[in-house]
Q: 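Can you keep this structure in mind? I'll have questions shortly.
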Amino acid sequence: LAQPRYAEDEALVDALIERAESTESTESAEPADADETPERLLPANPVLALSVERARRFQVLKEEAKHQCLRQLSVIRQVLLEIGSQTGLDDGIFQLSWDEVLQLKRGAFVKQARSMIARRQQQCEAWSDIRLPSVLTLKDLESIKLDGSRNPAIQTGQTLQGLKVSGKGEVIGPVQVIDDARDIGDFTAGNILVARFTDPTWTPLFRRARGLVTETGGWLSHSAIVAREYGLTAVVGVTGALSQLRTGQLVRLTEDGTVEAMSTRRFHQRTDVSLSVVLSHQSGDTGGTLRDLSQSGAHIETEAQFSIGEHVNLEIPGNATDIPLKVVRTTTSGYGLQFPDVSGARLMQALCGDCPA
């Protein structure tokens with residue numbers, strides 16, 4: 001009730017449009033076949049066809065019920081805003097209980113309500129950094145730290161568990177935790193988005209994310225439905241995702257809904273270099289800059305789009321030898337690549353022995 005609607009604040013609409021425009025994909029979707037009616041798309045199995053038809057029908061009823069409920073909440077909000085305006089309490093009215101709102105018809109209670117609102121607003125601000133778990137128990141309440149500190153981050157090899165609702169195969173990448181829609185504009189393309197839940201405000205990020213992890217949701221949640229539309233790997237219902245995952249942490253999203261923390265570092269000594277290279281892959285050749293080199297791999301800055309697990313060939317201009325590498329992680333500026341075998345590492349060291357630091 002306390003959240004402004006789009007009709008009340010044009011800035012919310014402008015922000016939504018700006019996010020959508022900044023993430024417009026250059027790829028056009030395949031046009032839908034006008035002849036592909038729902039009847040033609042029904043499964044051949046009669047039992048399954050009946051189940052799908054019922055699911056469609058009741059899904060419409062579910063959305064209609066939710067729509068009507070939200071309309072009523074909007075009306076209630078308008079009434080509360082009007083009462084707040086006439087009493088001078090403004091948005092502070094959302095700090096009152098229903099019984100207290102009804103008492104505002106007594107003028108003497110308005111002054112008392114004003115002091116109650118000020119006290120509760122201070123409490124809200126003091127508790128604003130506290131993140132409650134998605135499933136709350138008495139034990140959780142007793143163990144919550146009022147200083148806003150979070151649970152320890154999961155370490156390499158530790159896992160969280162959820163429900164995989166979209167995508168094929170495993171996905172590996174750095175996570176970016178966003179727990180406030182106002183920070184959506186800071187999201188870095190190629191990261192795995194971690195959030196409490198998503199709504200239409202978050203939709204522009206689905207084009208840019210490598211994967212999605214949410215603390216709440218199921219098969220028919222907004223996160224799951226939109227992720228399937230984009231073909232994005234998504235794991236929902238991951239208890240502890242917000243409190244135990246850290247931005248920049250490398251994780252693996254597996255087929256069974258496991259979110260596994262992985263090591264992000266190479267343990268061999270690295271040599272800082274700055275060398276222009278050419279990367280050959282399925283989509284063609286693209287340029288890049290070799291930034292560091294070790295016995296096990298390399299870090300390369302490039303604007304090309306690679307997938308974790310993809311194999312590429314690296315060529316140093318002026319040398320005809322191609323060096324095979326495997327993409328193992330994404331970074332803010334490029335990719336971490338791994339030599340499939342020792343011979344590749346030795347060859348790279350030989351070719352790049354005089355690389356400028």
Side-chain angles (χ1 to χ4, degrees), residues 1-25 66 70 73-74 77-78 80-81 84 90-95 117-118 120-134 136 144-151 153 173-217 221-227 230 232 234-249 251 330 332:
L1 284 173
Q3 297 300 317
R5 271 43 176 183
Y6 288 116
E8 301 172 25
D9 189 350
E10 291 185 2
L12 295 175
V13 183
D14 294 338
L16 189 64
I17 295 173
E18 183 178 352
R19 293 188 197 108
E21 289 178 340
S22 65
T23 56
E24 278 295 325
S25 174
K66 184 168 67 174
L70 291 174
L73 286 175
S74 180
R77 173 177 165 81
Q78 294 302 317
L80 291 173
L81 287 174
D90 299 322
D91 288 350
I93 196 169
F94 295 110
Q95 297 289 347
I117 289 171
R120 291 172 184 174
Q121 286 176 332
Q122 288 180 345
Q123 290 176 335
C124 283
E125 185 174 349
W127 296 343
S128 61
D129 290 333
I130 297 176
R131 292 293 178 261
L132 298 177
S134 53
L136 190 62
I144 288 174
K145 299 178 181 179
L146 296 183
D147 62 0
S149 59
R150 304 170 66 185
N151 295 333
V175 304
Q176 183 167 350
V177 179
I178 297 184
D179 55 7
D180 193 317
R182 290 173 294 186
D183 298 327
I184 288 177
D186 297 330
F187 184 76
T188 301
N191 284 349
I192 295 176
L193 172 63
V194 177
R196 178 69 66 117
F197 61 88
T198 66
D199 57 39
T201 304
W202 300 70
T203 301
L205 298 189
F206 284 72
R207 292 180 183 271
R208 306 170 60 195
R210 180 178 299 280
L212 171 67
V213 175
T214 65
E215 280 202 331
T216 64
S221 63
H222 175 271
S223 304
I225 292 172
V226 180
Y230 281 89
L232 179 69
V235 180
V236 303
V238 183
T239 302
L242 275 181
S243 62
Q244 297 184 57
L245 293 176
R246 300 289 186 269
T247 294
Q249 187 174 22
V251 300
T330 59
T332 56

Q: Got Thr201 and Ile184 here, is their nearest side-chain heavy-atom distance under 4.5 Å?
A: yes
Q: Measuring from Ile17:CD1 to Glu10:CD, what's the distance to the nearest 0.5 Å?
A: 10.0 Å
Q: What is the distance from atom CD of Gln121 to atom CD of Gln123, rounded to the nearest 0.5 Å?
A: 10.5 Å
Q: Can you check whether Asp91 reaches Leu81 side chain to side chain, under 4.5 Å on heavy atoms?
A: yes
Q: Is it the case that the side chain of Glu18 and the backbone of Gly185 share a donor-acceptor pair, with hydrogens and angles ignored and the cut-off at 3.5 Å?
A: no
Q: Quick check: closest heavy atoms across Gly248 and Pro174, and the distance to 0.1 Å?
A: O-CB, 4.0 Å
Q: Can you tell me how far apart OG1 (Thr188) and CG (Leu205) are? Round to the nearest 0.5 Å.
A: 10.5 Å
Q: Would you mind reporting whether Leu12 and Pro4 have side-chain heavy atoms less than 4.5 Å apart?
A: yes
Q: Mind checking the CD-CD spacing from Gln3 to Glu8? Nearest 0.5 Å is all I need.
A: 10.5 Å
Q: Specify the closest pair of heavy atoms between Arg208 and Phe187, including all atoms of both residues, with the distance to one decimal.
A: NH2-O, 2.6 Å
Q: Looking at Gly217 and Val236, what are the two nearest heavy atoms and their distance?
A: O-CG2, 3.5 Å
Q: Closest heavy-atom contact between Leu1 and Leu73?
A: CD2-O, 3.6 Å
Q: Enter the distance from Ile93:CD1 to Ile117:CD1 here, rounded to the nearest 0.5 Å.
A: 7.0 Å
Q: Would you say the side chain of Thr203 lies within less than 4.5 Å of the side chain of His222, judging by non-hydrogen atoms?
A: yes
Q: Output the distance between atom CZ (Phe197) and atom CG (Asp179), rounded to the nearest 0.5 Å.
A: 11.0 Å
Q: Tell me if a side-chain donor or acceptor on Thr216 pairs with a main-chain N or O of Arg196 at a distance below 3.5 Å.
A: yes
Q: Closest heavy-atom contact between Val213 and Ala241?
A: CG1-CB, 3.9 Å
Q: Donor-acceptor check, side chain of Gln249 to backbone of Arg246, threshold 3.5 angstrom: yes or no?
A: yes
Q: With a 4.5 Å cut-off on side-chain heavy atoms, are Trp202 and Ile178 touching?
A: yes
Q: Answer whether the closest heavy-atom distance between the side chains of Val251 and Ile192 falls below 4.5 Å.
A: yes
Q: Do any N or O atoms from the side chain of Arg210 and from the backbone of Gly173 form a donor-acceptor pair under 3.5 angstrom?
A: no
